Structures are given as C-alpha cells and as structure tokens.
Amino acid sequence: MPVLLNCQYPQRSPINLPWLRQIAENLLTIIGRIDAELSLLLVDDAQMRELNRQYRGKDKPTNVLSFPQGGGDDPTGDYLLGDIVISLDTAIREAHAKKITAHSHCRTLLIHGLVHLLGLDHERSEEEYRLMLAQEKFLAQELKNTERRNGMINLAINVDHVATLRQVRGGKEPDPVTAAGICELAGAGGIVVHLREDRRHIQDRDVYLLRELVKSKLNLEMGANEEIIKIALQVKPDMITLVPEKRAELTTEGGLDVAGQKVKLKKVVAKMAKAGIPVSMFIDPDPKQVAASREVGATFVEIHTGRYADAISAEIADREFELIAKAAESAYETDLRVNAGHGLNYLNTPRIADLGMIEELSIGHAVMARAIFVGLDQAVREMLALL
Ligand code: PXP
C-alpha cells in the first residue's frame, strides 16, 4: 500500500479520507513513484504545534510539515518517501480566509508537502521558491488531468426531455427508454427521470420499463405526493430525489424547502427506508437546507446548480460557485452524500466536477440539446470526457 493514511484528528474528519488517499496515490503515480511509500498524517493544531516545536523549534502550529525518509546510504531510502503532516484545524481556518473549500486547500497542502519531500525548500533561496511554485502548479494541473481521466464522478443522464418531445405529438417517438439504453451504452453511470404529478413528459409506463432496462442506477425524481410515493414503492428505483413541484413552472425552478416541511419529509424518508430506497433532497446551496436534510434522514443531497449555471456575469458565477462549494462541504461534514445538478452544460460542468466532494452530476438539457446535432451517444461521451 503506497499511501499510509493516519487520521489522528480528534473529531470526525471534516475531509473525505478515501478522496484524500486517492489524491495522494494519484500524485505518486504522476511523479513516477507508485512503488514508494508515503505516510500521510492528519492532526489538530495542538499536535501540529508540538511537532513544529520539536522538529523546527517553532512553538506554534502550521498548516503542513514534511519529513523526508531515508536517502543517502539508507537502503530503505528509495522506497520510503517520507511523512506529510497536515493540521486540519489550520487547513480549515486558512480555507475559510481564502474563501475556498477545505478539500481544495488540503489538496494544495498535500502537493506542497510532497514537493518538500522531493527535496525543494522555498525557505532556502528565491530560486528554489520559484522552482517550488512551478512544480506545485505542474502537479496541480496533472492531478486534474488524472482525475478527469479516472472519471471520479458519476454522470447520470436525465432523459425527461426525450419524453417532452414525444408528448408534443402524443405518440410513441422518441422513446426515453431507448434513450436511456443509448446513454448507458455510451458510459452514463445512471439514468434520471422525473415523474411529475401532471405527467407532462415521463409517463408511468416509462418508469416501469426503465426499472427493467436500467443496469446502472435509476434515480426517480418526484414531488412528495402520495400517488407518486405509491408508484416509487412499487417500482423500487435505486434512489429517489425529492424535488419541489409547481404546475406552472417550466422546469424545477428552486430547491426543496426541507427546513420548512421536516415532519412531512421525515415520514417520506422513513417509508422509503423501509423499502430500502435511499432518498436525496434537491436543495439550494443553503446550509440551513443541508442541516434539515440531515435531520430528516436523507442519504444524499443534490445541490441545485441552476443559479451558478444561469449567472449573467463572472462575479455572480463565482459567488454562486462558492455557495455550492460551501454547501457541498457542510453536507459532507454532516455525513450526507453529495450530488449536484441543474443547468450544467459543456462549459460550466468541469468547475463543479473539480470540487472533490461530489459523487454524481445529474445532467439533462445540455446533453439532449447537443444530441440533436451530434447524436446522443456522442453527446454523452463528450460530457463524460469533461468529467
Ligand atoms: N436535477 C434535478 C433535480 C432536476 O429537476 C433537473 C431538471 O429536470 C436536473 C437535475 C437536470 O437539469 P438540466 O436538464 O438543466 O441538466
């Protein structure tokens, strides 16, 4: 095992540990040292202060420390790369100040620590400082490329729009069930449909057939109403996503107000739990809604990316992106699994995909719009290539 991850942080880790280990393993691959052993230790400020005092004579905590192993005549030197210690307290504090996520900052600290292990030290000279910056930039870019190639995020395709086209003529074509098959063949990791109360696009027949056909994962979006709940319990999708539903809206326009209807939603979650169906709450990037989703027992939240996607300026997009990043992080911290979607397209998706905590993206309109010109198989593959 090349990466030995030891979390001695006294509370539950606010960082997704398997994710961090994967980042460390990817870095070893990038530097061509997959055979080497890297020890990664996560501590709090008190532990870090002690290490900093003991080994560097500095009686204060710091964000990251590196301890190279072996080298010189040591026969284990080639195999043991050394230790990187990160203080999660400092990492979180710095991330807040920089207005970035703690995950993103830990990734940066890990890269910084690794470059130290490789022998560079920014405190030695101006030249080494510049070399270190260049190395860090290179590794960060390579890491992103690796993550994209590895497809760490699942792409779930929403086929509602195919049904919308069928309903325009009230006939049989195009069939969203066929579309789902093509999406899966192209590599999609899930199929999403929204069975609306007014049946404006997806019909009951589609949902039952999709349950038979979908081999990846069927996610049924629905309002929390009795009739649809009954259908969900019969169909048993792999998960449901609860969304708000208004008859006059063009598409799902805002997130679900979980905080405002906790009693009702808790009952729906409990019913689904009895049938073994995990529930996701489609919420705006709002910590209050994240906390409420946790309280009602949801397994996932799907963070509404619509306001980010529709932003009319770069500043608004940045602001909305930060809200999404913070919501994803607070969801992760409270043990919720995190999905995201709405309005994502071929330009705005990579930034969301890079967040590090998101398991799945739910994308419909952009893929279907592109499919009209390049074909559905190609449109799905192009989106997958971006992830
Ligand atoms: N997630 C949810 C909960 C949705 O309601 C929708 C739209 O149906 C999507 C994701 C996909 O949005 P888009 O079609 O804009 O990609």
Side-chain angles (χ1 to χ4, degrees), residues 153-165 167 176 179-180 183 188-202 206-207 210 217-225 228 232 237-258 265 278-286 289 293 298-311 320 324 327-328 331 337-353 358-372 376 379-380 382-384 386-387:
I153 292 192
N154 199 36
L155 173 64
I157 298 286
N158 181 317
V159 294
D160 291 353
H161 297 288
V162 180
T164 300
L165 195 52
Q167 296 311 110
C183 291
I191 299 297
V192 188
V193 285
H194 184 174
L195 185 64
R196 294 184 78 106
E197 204 181 342
D198 63 12
R199 307 298 199 273
R200 70 169 71 157
H201 41 51
I202 291 294
D206 302 329
V207 180
L210 284 168
K217 208 169 93 182
L218 178 62
N219 180 354
L220 180 64
E221 272 180 30
M222 51 185 269
N225 84 62
I228 309 286
D238 297 291
M239 66 184 283
I240 65 161
T241 299
L242 290 177
V243 298
E245 220 176 272
K246 296 185 207 105
R247 275 179 186 261
E249 69 190 357
L250 271 179
T251 175
T252 316
E253 278 167 7
L256 186 66
D257 179 16
V258 184
L265 295 178
V279 178
S280 177
M281 300 289 172
F282 182 57
I283 54 167
D284 287 327
D286 172 355
Q289 299 298 346
S293 301
T299 305
F300 294 86
V301 285
E302 179 181 332
I303 298 176
H304 197 320
T305 49
R307 285 206 307 260
Y308 156 77
D310 296 339
E320 291 299 332
I324 293 167
R337 294 166 71 181
V338 191
N339 298 336
H342 212 286
L344 295 177
N345 60 34
Y346 293 82
L347 295 176
N348 60 25
T349 295
R351 194 171 179 196
I352 297 290
I358 295 190
E359 250 179 69
E360 183 166 291
L361 295 178
S362 170
I363 306 183
H365 189 265
V367 171
M368 295 309 160
R370 190 160 182 80
I372 291 174
L376 185 51
V380 172
E382 286 178 16
M383 186 55 83
L384 277 169
L386 287 179
L387 301 183

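For ligands, and for the atoms within them, numbers begin at 1 and follow the listed sequence. Just so we're clear, the structure is a prediction, and the values are computed from it rather than from any experiment. Residue numbers start at 1 and run along the sequence shown.
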Sorted by chain and number, sequence neighbours left out, side chain to side chain donor-acceptor pair (under 3.5 Å) with E382 holds for R370, Q378
Give a yes or no on whether the backbone of V258 and the side-chain of Q289 come within a donor-acceptor separation of less than 3.5 Å. yes
contact_flag G343 ligand 1 heavy-atom lt 4.0 Å: yes
Contact partition for H161 relative to ligand 1, non-hydrogen atoms under 4.0 Å: side chain
For T241 and ligand 1, does the shortest N/O to N/O distance drop below 3.5 Å? no
If you measure from atom 2 (C) of ligand 1 to every heavy atom of M222, E245, E221, which option wins on shortest distance? E221
Considering residues at least two apart in sequence or located in another chain, which fulfil the side chain to side chain donor-acceptor pair (under 3.5 Å) criterion with E360? N154, K217
Just by modelled atom types, is the R196 backbone N or O under 3.5 Å from a matching donor or acceptor in the E245 side chain? no
With heavy-atom distances below 4.0 Å as the criterion, list the atoms of ligand 1 near S362. 1 (N), 10 (C), 11 (C)
Enumerated ligand 1 atoms positioned under 4.0 Å from heavy atoms of V243: 3 (C)
Report the member of E302, H365, H342, H304 with the shortest heavy-atom distance to atom 1 (N) of ligand 1. E302
Below 4.0 Å from any atom of ligand 1, is there a heavy atom belonging to M368? no
Is it the case that the side chain of D284 and the backbone of G255 share a donor-acceptor pair, with hydrogens and angles ignored and the cut-off at 3.5 Å? yes
Decide whether E302 and H342 meet the rule of one side-chain donor and one side-chain acceptor closer than 3.5 Å. no
Below 3.5 Å, N or O to N or O, backbone or side chain included: is there any such pair between G364 and ligand 1? yes
For N158 and S362, which I'm curious about, is there any donor-acceptor pair between the side chains at under 3.5 Å? no
Would you say ligand 1 has an N or O under 3.5 Å from any N or O of H194? no
